[in-house]
2 protein chains.
Amino acid sequence: MGRPKEFERDAVLDRAIEVFWDRGYDGTSMADLVEALGIGRQSLYDTFGDKRSLYLLALDRYRSERNTTPWHLLDEQPLRPGLRALFTAIVDWMADEPDGRSCMMVCAAAERAPHDREVERRFCANTEQMERRFTARLERARADGEIGGQHDVTALARYLTNALYGLNLTAKARRDRAYLHQIVDVTLSILG
Amino acid sequence: MGRPKEFERDAVLDRAIEVFWDRGYDGTSMADLVEALGIGRQSLYDTFGDKRSLYLLALDRYRSERNTTPWHLLDEQPLRPGLRALFTAIVDWMADEPDGRSCMMVCAAAERAPHDREVERRFCANTEQMERRFTARLERARADGEIGGQHDVTALARYLTNALYGLNLTAKARRDRAYLHQIVDVTLSILG
DNA sequence: CCTGTAATTGACCGATTGTTCCAGAAAGGC
DNA sequence: GCCTTTCTGGAACAATCGGTCAATTACAGG
């Protein structure tokens with residue numbers, strides 16, 4: 001029934017992610033999007049709604065499909081090497097980003113969270129997810145006797161999440177592998 | 001000579017800080033500024049140049065005059081209580097900000113640093129200043145025998161700066177005093 | 001007082017903003 | 001074939017964007 005779409009929804013959404021990620025919400029115009037997405041203006045509105053709704057869809061897709069943080073590194077090995085591998089991979093990725101771009105959720109939170117409850121909700125969910133991943137791994141480590149009991153597992157997970165968020169900002173000031181690794185070293189030294 | 005200005009430059013700049021801080025660079029229009037600053041459009045352009053130049057001036061004034069971080073707490077007491085007092089004051093401030101607003105330099109860096117070298121420069125300077133403040137205090141602590149030698153003083157300073165940056169983002173997800181204090185506890189526990 | 005200089009005011013500029021309208025094109029079901 | 005449904009492309013919308021212009025106003029120095 002009816003004429004079929006000439007584009008793949010997800011592929012277009014991926015391009016929207018790239019544009020919003022690069023220029024932010026207010027910094028991106030619908031004209032920018034029409035050009036970058038390669039579809040007509042009306043198709044854009046029919047398929048994704050208005051600008052804000054497209055932005056939220058892009059955020060959702062980024063979080064579920066495009067965020068390539070290699071969390072699997074955590075589970076494949078003992079706690080300490082796993083954490084080091086994870087943080088190293090993240091820091092290397094940050095140092096390689098040409099213009100110091102950070103995690104899209106961080107960009108979104110900084111720009112829109114104070115003014116858009118839906119963006120705030122998504123950033124909260126992102127934070128909780130990271131926290132849960134760390135918590136799960138730390139609980140296993142505690143059961144395996146890999147870490148002592150001087151800190152609450154939940155507190156440690158929040159501490160690690162906070163450090164990752166910090167690196168997103170620090171990397172904007174110093175896109176320098178050694179510099180960032182030095183911070184990671186101190187951060188992880190808390191686990192002995 | 002000539003007609004005197006009817007406004008105080010610094011007071012107007014303070015109002016500009018507030019607007020840019022709240023709505024960001026792209027989110028603020030010149031019309032917004034004219035209204036909030038209470039001066040005419042032409043006076044605005046004559047006195048502060050164009051929008052970007054006003055933004056940079058606002059950032060400079062924020063950094064030199066309006067950033068009320070109580071660094072003095074660091075110097076008035078031994079290292080550990082000083083750090084705890086500083087971090088506690090910052091976390092309390094964050095928890096009290098009604099819409100989860102963070103440090104203006106963080107907002108500026110997230111939105112503009114990737115696209116504006118002058119904003120990036122100012123964020124780098126901000127980072128270095130924080131780092132230097134921590135370094136100076138830590139060096140004194142080391143000389144006084146307050147801390148051991150398991151970590152480089154510079155590395156520790158960068159670690160603390162990174163943690164503060166992280167709290168700016170974490171506070172956007174969880175504007176919760178106890179939650180943030182828990183992170184501070186773990187962060188500072190590294191000093192024994 | 002008058003003159004020179006600078007600040008104010010408000011209208012105004014073309015460009016761009018997000019969004020909608022509409023005529024036409026392309027498919028599926030009959 | 002036709003009809004219905006959906007998608008497309010471009011023109012068009014009022015509103016707003018950052019920025020400028022010219023006329024007017026107000027002070028300082030003579």
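Lettering follows sequence order; numbering is per chain, from 1.
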Which donor-acceptor pairs under 3.5 Å do the side chains of residues 71-78 of chain A make with protein atoms, sequence neighbours left out?
unit_1, atom_1, unit_2, atom_2, d
A/H72, ND1, A/E76, OE2, 2.9
A/Q77, NE2, A/L73, O, 3.0

Next item on the list: Taking atom types as modelled, find out whether B/K5 and B/T47 have a side-chain donor-acceptor pair closer than 3.5 angstrom.
Entry: yes
Check: B/Y159: what forms a ring-ring contact (aromatic ring centres under 6.0 Å, His included) with it, not counting sequence neighbours?
Finding: none
Notebook entry, point to check: With sequence neighbours left out, what residues match B/Y25 under ring-ring contact (aromatic ring centres under 6.0 Å, His included)?
Noted result: B/Y55
Give me the distances for all protein-to-nucleotides 8-12 of chain C N/O pairs that come in under 3.5 Å?
unit_1, atom_1, unit_2, atom_2, d
C/dT8, OP1, B/E6, N, 2.8
C/dT8, OP2, B/S43, OG, 2.6
C/dT8, O5', B/S43, OG, 3.3

Check: Of all residues at least two apart in sequence or in a different chain, which pass the salt bridge (Lys or Arg N to Asp or Glu O under 4.0 Å) check with A/D185?
Finding: A/R84
Notebook entry, point to check: Tell me, which pairs form a salt bridge (Lys or Arg N to Asp or Glu O under 4.0 Å) where one or both residues lie in residues 36-48 of chain B, sequence neighbours left out?
Noted result: none
Note to self: The criterion is side-chain contact (heavy atoms from CB on, under 4.5 Å); which residues satisfy it with A/Q182, sequence neighbours excluded?
What the structure shows: B/D152, B/A155, B/R158
Item checked: ring pair (Phe, Tyr, Trp, His ring centres under 6.0 Å) pairs, two or more places apart, involving residues 81-118 of chain B -> none
Margin query: Output the rounded distance in Å from CG (A/L33) to P (C/dT16).
Written below: 16 Å
Notebook entry, point to check: How would you list, by chain and number, every residue that makes a side-chain hydrogen bond (donor to acceptor under 3.5 Å, both in side chains) with A/N126, sequence neighbours excluded?
Noted result: A/Y165
Notebook entry, point to check: Among residues 108-121 of chain A, which residues get a heavy atom nearer than 4.0 Å to DNA chain D?
Noted result: none
Next item on the list: In whole angstrom, give the distance that lies between atom OH of B/Y45 and atom C1' of C/dC13.
Entry: 12 Å
Checklist line | Within residues 17-27 of chain B or reaching into it, pairs that qualify as salt bridge (Lys or Arg N to Asp or Glu O under 4.0 Å) - sequence neighbours excluded | finding: B/E18-B/R66, B/E18-B/R101, B/R23-B/D32, B/D26-B/R112
Note to self: Can you give me the first and the last nucleotide of DNA chain D (5' to 3') that has an atom within less than 4.0 angstrom of a non-hydrogen atom in chain B?
What the structure shows: D/dC17 to D/dA28
